[in-house]
Amino acid sequence: MATAQAKAGRREWIGLAVLVMVTLIISMDMTVLSYALPFITADLEPTSSQLLWITDVYAFVLAGLLIPMGTLGDRIGRRRLLMIGAAVFGAASVATALSTSPGMLIGTRAVMGAAGATLMPSTMSLIRNMFHDENERRAAIGMWAAGFSAGGVIGLVAGGALLQYFSWGTVFEINVPIMLLLLILAPLLLPEFRNPAAGRLDLLSTVLAFVAVLPMIWGIKQFAEDGMTWPPVAGVLAGLLFLTVFVLRQRRLADPVIDVRLFRAPAFSAAVVMNVLANFALVGFMFFISQYLQLVLGLRPFTAGLWSLPAAGAAGVGAAVLAPMLAQRFRRAYVAAGGLLVGAAGCLVLAQVGDDSGLAMVVVGQALMTGGIAMVLTLSAELIVSTAPPERAGAAAGLSETGSQFGAALGVAILGSIGTYVYRQQLSGGAPEGVPADSWATARETLGGAVEESRTLSATAADTLVTLARAAFADELRVAALAAAGILVVTAVLAAVLLRNVGASVPGQDPSGGPAGADDTPAVDPDAAAAPDGAGAGGDRATHAAQAASGGHLDTGSPVVRIGPESTTPPARPAHPVA
């Protein structure tokens, strides 16, 4: 008979608050730059190419290094890697704030991206080690996901507020106190975990993972800006080629960076697919909402950010409250499909906005969309980390975050391309009376270009140009909303099918819905099976029913996937905990 899973104590929950703060800061740094760009442009005078790299290099490097850094944390220690990343992130933030040239700013942002890649997988995989009770772990991951979802919106509000009173460098300096706090509290609150049985880090696999992800995300983002041109096509093809080589190499290694056999488990595959497609719809469509609030409704950046706060609140409720609560009572397939359908309903509300009014619909629709999708992102993250063996949790967390970045880039590219086509089709006729041909050509490219050109025209011509451009953008947003709704409905169907055998989480049952330990297999501590440096923050925890000795990882109602060669020695718990 399996023993009950040990509950987390105060130390674990306080430690979780520290991890949530870290994810919130990383998420903020993805959006806080948007309001600072005009000030950076005026101060440093970057070229258009440099401005593009200033905007994107952080996300590019972050996405490319997530999987390698997750694997590195499994080997050298997740807390250790987290603290190294925090120190580098804080120092790079100061250097970024003090940048005196575009080149320096690009370089320091790249370092921030590399440091961010050490932080994200470490936070998620440490949750896997700190919370052994499945329901508590899901709640913890929900709070983690809520912090990440809210960080993007908080970054917009904080950026708008800071830039009203301080220089642009302050949007990066706000990272420093959080990183210092992490360096102080991490040794006191967070457990260390590493896999001493892991083989040598395969440098070639690390390089292949980076060069597979980076050109693909770059190419997809360029599709949104330049259309179907050769450079982004070459980037995507090169990324796919390196990805193929990476996968083939992982199948041959005894100790791979990512064991591709994990994808044989339906729960793991479904979680990755949900993660990618949910981020596709969420991030891809947020691109339109910020422009609509500022350029169509005429709200100031700070005000637009405030109107996005209900969406951040809905994301927090969906991720930290609804997802854990519903997953305890209903099958994950129903909960995930329900969240995706709520997100689709939000998109349908957004599809009703007009070109001169629609603030209420934007607020309601955005809240429904983010709340529903946040539920799904919590479930997908929990499934990915829990399905993977404890000693591979860092690599699995890196894969989860890479999927998020890939889905976001894909959403911006595809939904952006669809929107651009609709916008240009709506303005396909000749220039209106009083509007010069060159101004009309600029206006047909983007709504922002139309607004800028209107400032050089007479009042009548400017009003005509802006009215037409805003109406075209409203059409663009409505079509993109319908496309996002379609993606979410398709994802809901996939979730319902792929997760149909993964049951509700009920104390005393395994995730497949059957009784825990029904096969009378003795349970072992999932951390002890991986030979961690310490027993975790709980010290002398009891053994946990989450893992059967024969399988090596959590049962999710899916086939067991063993990582590497079968061990012939029984797992042993260390004699004392390491704080």
Side-chain angles (χ1 to χ4, degrees), residues 25-65 85 87-119 152 155-156 158-176 179 210-211 213-227 229 231-232 234-235 283 287 290-291 294-295 301 405 408-409 412-413 416 442 445-446 448-449 451-452:
I25 283 292
I26 296 171
S27 180
M28 284 177 58
D29 266 80
M30 294 180 180
T31 58
V32 73
L33 184 66
S34 58
Y35 291 161
L37 284 178
F39 300 91
I40 292 173
T41 301
D43 188 17
L44 303 182
E45 299 180 351
T47 65
S48 57
S49 176
Q50 288 174 328
L51 191 62
L52 180 65
W53 279 107
I54 290 171
T55 305
D56 292 334
V57 69
Y58 176 84
F60 285 165
V61 176
L62 177 73
L65 290 176
V88 175
F89 196 87
S93 296
V94 173
T96 300
L98 300 176
S99 294
T100 56
S101 68
M104 180 179 177
L105 182 57
I106 293 169
T108 55
R109 286 286 287 170
V111 175
M112 287 181 66
T118 70
L119 299 174
L156 295 175
L162 288 171
L163 291 169
Q164 287 189 17
Y165 305 104
F166 304 103
S167 68
W168 60 264
T170 56
V171 301
F172 303 109
E173 290 170 347
I174 58 175
N175 301 332
V176 178
M179 295 301 113
F210 183 78
V211 298
V213 173
L214 189 63
M216 273 199 290
I217 290 185
W218 175 84
I220 291 170
K221 290 174 77 73
Q222 289 302 109
F223 281 141
E225 305 215 6
D226 304 328
T229 58
V283 180
F287 171 78
S290 60
Q291 292 188 76
Q294 295 178 64
L295 300 179
Q405 294 293 322
V412 171
T442 301
E445 293 297 317
T446 63
V451 172
E452 288 296 321

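- The side-chain hydrogen bond (donor to acceptor under 3.5 Å, both in side chains) check on S93 picks up N175, with sequence neighbours excluded.
- In this structure, R109 and Y58 approach most closely via the heavy-atom pair NH2-CB, 3.3 Å.
- In terms of heavy atoms, G116 sits closest to L62 at C-CD1, 3.3 Å.
- Between V176 and G90, the shortest heavy-atom contact is CG2-O, 3.9 Å.
- Nearest approach of G235 to P215, heavy atoms of both residues: O-CB, 3.4 Å.
- Here the straight-line distance linking atom CG of L98 with atom CD of E173 works out to 6.5 Å at 0.5 Å rounding.
- Between I25 and F89 the shortest side-chain heavy-atom distance falls below 4.5 Å.
- Note: I40 CD1 to T96 OG1 = 9.5 Å, rounded to the nearest 0.5 Å.
- Proximity of L119 to M179: side-chain heavy atoms (C-beta onward) are separated by under 4.5 Å at one or more points.
- Looking at every heavy atom in both residues, L44 comes nearest to P102 through O-CG, 3.7 Å.
- In terms of heavy-atom proximity, A114 sits nearest to V61 at N-CG1, 3.5 Å.
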